[in-house]
Amino acid sequence: MIGFFIALISGALMSIQGVFNTEVTKASSVWVANSFVQLTALLVCLLAWLFTGRESFMELGKVEPKYMLIGGVLGAFITLTVIQSMNSLGPAKAAMLIVIAQLIVAYVIELFGMFGVEKQPLEVRKLIGMGIAILGVVLFKWE
């Protein structure tokens with residue numbers, strides 16, 4: 001149950017962050033805003049690391065496969081695309097499309113067992129759920 005609430009908090013924080021980052025971009029540029037976001041995230045993580053577990057950064061060398069280490073690179077492009085989509089579409093429409101894309105990609109990852117995730121069988125009810133979510137986006141956007 002705790003995972004459910006953490007996921008809700010994550011979604012809420014992502015929406016708020018997207019709005020904040022979009023506003024910072026208006027006063028600077030997309031790359032300045034993105035750099036500031038990544039820098040402040042690094043500082044928060046380093047502070048948290050100082051006050052919690054002190055695992056060695058050398059442990060990262062044990063990560064296999066090595067491409068799993070590009071999460072930060074993906075994070076920079078996530079921040080960039082969230083800023084641009086919220087600027088173009090507004091927070092609500094952008095967030096809905098972002099969530100739909102996350103849902104579809106996550107399900108494909110599960111279906112094919114990609115990136116070390118346990119392979120899951122195709123379930124019609126999940127496809128129907130995604131269809132309903134996509135229909136919700138269409139209804140939400142319909143003017």
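Computed from heavy atoms alone, side chains included, the values below leave out hydrogens, waters and symmetry copies. What you see is a predicted model; the values in this text were computed from it and never measured.
The two residues Gln17 and Val37 make their nearest non-hydrogen contact at NE2-CG1, 3.5 Å. Here the closest heavy-atom approach between residue Val63 and residue Met68 is recorded as CG1-CB, 3.9 Å. Looking at every heavy atom in both residues, Ala33 comes nearest to Ser28 through N-OG, 3.9 Å. Of all heavy-atom pairs spanning Thr81 and Ile78, the tightest one is OG1-O, 3.1 Å.
Put simply, Met114 and Leu111 are part of the same group of oily side chains (I, L, V, M, F, W, Y) that touch within less than 4.5 Å, one to the next. Using a 4.5 Å cut-off between side-chain heavy atoms of Ile, Leu, Val, Met, Phe, Trp and Tyr, with links allowed through other members, Tyr107 and Phe115 fall into the same hydrophobic cluster. One hydrophobic cluster, built from ILVMFWY side chains closer than 4.5 Å, holds both Leu103 and Ile109. Note: the hydrophobic cluster containing Ile98 does not contain Leu13 (ILVMFWY, side chain heavy atoms under 4.5 Å, direct or indirect links). Under the 4.5 Å side-chain heavy-atom criterion for grouping Ile, Leu, Val, Met, Phe, Trp and Tyr, Val117 is connected to Tyr67 within one hydrophobic cluster.
Proximity of Ile104 to Ile134: side-chain heavy atoms (C-beta onward) are separated by under 4.5 Å at one or more points. Looking at Met14 and Val82, their side chains never come closer than 4.5 Å, going by heavy atoms from C-beta outward. Within the 4.5 Å cutoff, the side chain of Leu97 has heavy atoms near those of the Leu89 side chain. Taking the side chain as every heavy atom from C-beta outward, Leu39 and Ser35 never approach each other to under 4.5 Å. Thr25 is not listed as a side-chain neighbour of Gln84, based on a closest heavy-atom distance of 4.5 Å or more. Ile83 places none of its side-chain heavy atoms less than 4.5 Å from the side chain of Val24.
Atom NZ of Lys119 has 12 or fewer heavy atoms from other residues, nucleotides or ligands within 6.0 Å. Within a 6.0 Å radius of CZ in Phe77, no more than 12 heavy atoms belonging to other residues, nucleotides or ligands are found.
Judged by distance alone, with hydrogens and angles left aside, the side-chain atoms of Asn87 form no donor-acceptor pair with the main-chain N or O of Thr22 at under 3.5 Å. Between the side chain of Lys26 and the backbone N or O of Asn21 there is no donor-acceptor pair closer than 3.5 Å. Under the 3.5 Å distance criterion, the side-chain polar atoms of Ser10 are left unmatched by any main-chain donor or acceptor of Ile6.
A distance of 5.0 Å separates OG of Ser15 from CE of Met86, quoted to the nearest 0.5 Å.
Sorted by first and then second residue, the pairs that involve residues 28-55 and meet ring-ring contact (aromatic ring centres under 6.0 Å, His included), not counting sequence neighbours, are Trp49-Phe57.
Ion pairing between a basic and an acidic side chain is recognised when a charged N comes within 4.0 Å of a carboxylate O; Glu64 and Lys62 show no such pairing.
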